[in-house]
Q: 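Below are the structure tokens for one structure; questions will follow.
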Amino acid sequence: DAKTTQPNSMESNEEEPVHLPCNHSTISGTDYIHWYRQLPSQGPEYVIHGLTSNVNNRMASLAIAEDRKSSTLILHRATLRDAAVYYCIELGAQKLVFGQGTRLTINP
Amino acid sequence: GAGVSQSPSNKVTEKGKDVELRCDPISGHTALYWYRQSLGQGLEFLIYFQGNSAPDKSGLPSDRFSAERTGGSVSTLTIQRTQQEDSAVYLCASSLRSGSFYEQYFGPGTRLTVT
């Protein structure tokens, strides 16, 4: 079973920032927090991952709480192409265990 | 560079037939994973290969499912005596190494329909 908790859906407007929350209260000290997204009719796509420090890449930023029990994926300026299901995953063992994710809708 | 490729992209088969699904991982990636996504369901892990180690088969739903990885590269997922509940999108992913630090890259998937 997935160990993370995410809202089922979120909605935002184009060109505005989006903050997608995730709770992982039972995370172990060595598990990385991974985020993937799945656009309609496509395979999952890696977004970002981190352990303790906040992380930035060309797609997004990941803010990790000091106690590591929660994190937030930040899309700085959403576009229509960012509409997808976003999955937050604790990766300890090798395999990804996907929950239901957050379905993000972007309004033009 | 080239990503993960899978073939065929679509496969329609009759109940009871065997099918083989192929995955070509990213060159140099030592870890390879198979997942499946049934209609309206989430993604579930099937099997994982890391180098020459014995694969982790803990997600295979029945003994009709098997997979092999030849030469540490290409992998084939075989489903024997297909059933209608096997209909799903089968996804392959690869990563540079196994372990929590490494991200996985997914292929486009093979959509399997069992009639």
Side-chain angles (χ1 to χ4, degrees), chain A residues 1-9 22 24 26-53 55-60 62 64 68 71 73 84-103, chain B residues 3-7 9-10 21 23-26 29-51 53-60 67 69 88-112:
Chain A
D1 291 337
K3 301 177 191 174
T4 61
T5 305
Q6 300 178 250
N8 289 333
S9 62
C22 179
H24 29 79
T26 60
I27 193 168
S28 76
T30 57
D31 289 357
Y32 277 74
I33 300 151
H34 285 240
W35 283 81
Y36 291 77
R37 70 181 186 181
Q38 189 171 25
L39 279 65
S41 302
Q42 294 189 26
E45 174 187 30
Y46 166 76
V47 177
I48 200 167
H49 73 295
L51 185 63
T52 55
S53 302
V55 185
N56 300 291
N57 66 19
R58 65 175 181 81
M59 290 181 69
L62 178 59
I64 301 172
R68 295 203 345 116
S71 62
L73 179 70
V85 178
Y86 286 78
Y87 297 97
C88 166
I89 301 168
E90 294 175 28
L91 185 54
Q94 318 309 330
K95 56 196 183 230
L96 295 169
V97 179
F98 289 85
Q100 295 304 306
T102 296
R103 182 173 298 278
Chain B
V4 177
S5 61
Q6 293 186 245
S7 61
S9 55
N10 281 285
L21 312 179
C23 172
D24 283 87
I26 293 172
H29 280 195
T30 63
L32 186 148
Y33 312 79
W34 284 97
Y35 298 85
R36 76 174 176 181
Q37 186 169 31
S38 305
L39 186 63
Q41 301 295 314
L43 291 116
E44 61 174 324
F45 164 79
L46 296 177
I47 187 170
Y48 143 73
F49 297 88
Q50 168 58 59
S53 302
D56 176 353
K57 305 179 182 180
S58 60
L60 295 179
R69 188 178 185 193
V89 176
Y90 288 81
L91 292 154
C92 175
S94 71
S95 62
L96 186 62
R97 303 276 187 275
S98 63
S100 184
F101 175 75
Y102 297 98
E103 63 270 28
Q104 297 182 20
Y105 295 92
F106 284 78
T110 293
R111 181 176 297 278
L112 174 66

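Throughout, a chain's letter reflects where its sequence line sits, starting with A, and its residues are numbered from 1.
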Q: Measure Thr30(A) against the heavy atoms of chain B and call it side chain, backbone, both or neither at under 4.5 Å.
A: backbone
Q: Side-chain contact test, heavy atoms from C-beta onward, threshold under 4.5 Å: evaluate it for Thr52(A) versus Arg68(A) and give yes or no.
A: yes
Q: Under 30°, 30 to 60°, or over 60°: which ring-plane class applies to Tyr46(A) and His49(A), parallel, tilted or perpendicular?
A: perpendicular
Q: Side chain, backbone, both or neither: which part of Gln6(B) has a non-hydrogen atom closer than 4.5 Å to chain A?
A: neither
Q: Against Ser95(B), only a single residue in Tyr105(B), Tyr48(B), Tyr33(B), Tyr102(B) fulfils side chain to side chain donor-acceptor pair (under 3.5 Å); can you say which?
A: Tyr33(B)
Q: Does any N or O in the side chain of Thr30(B) come within less than 3.5 Å of the main-chain N or O of Gln50(B), such that one atom is a donor and the other an acceptor?
A: no
Q: Counting heavy-atom pairs under 4.5 Å with chain A, which one of Gly59(B), Ser58(B), Ser98(B) comes out on top?
A: Ser98(B)
Q: Does any heavy atom of chain A fall under 4.5 Å from the side chain of Leu91(B), the backbone, both, or neither of them?
A: side chain
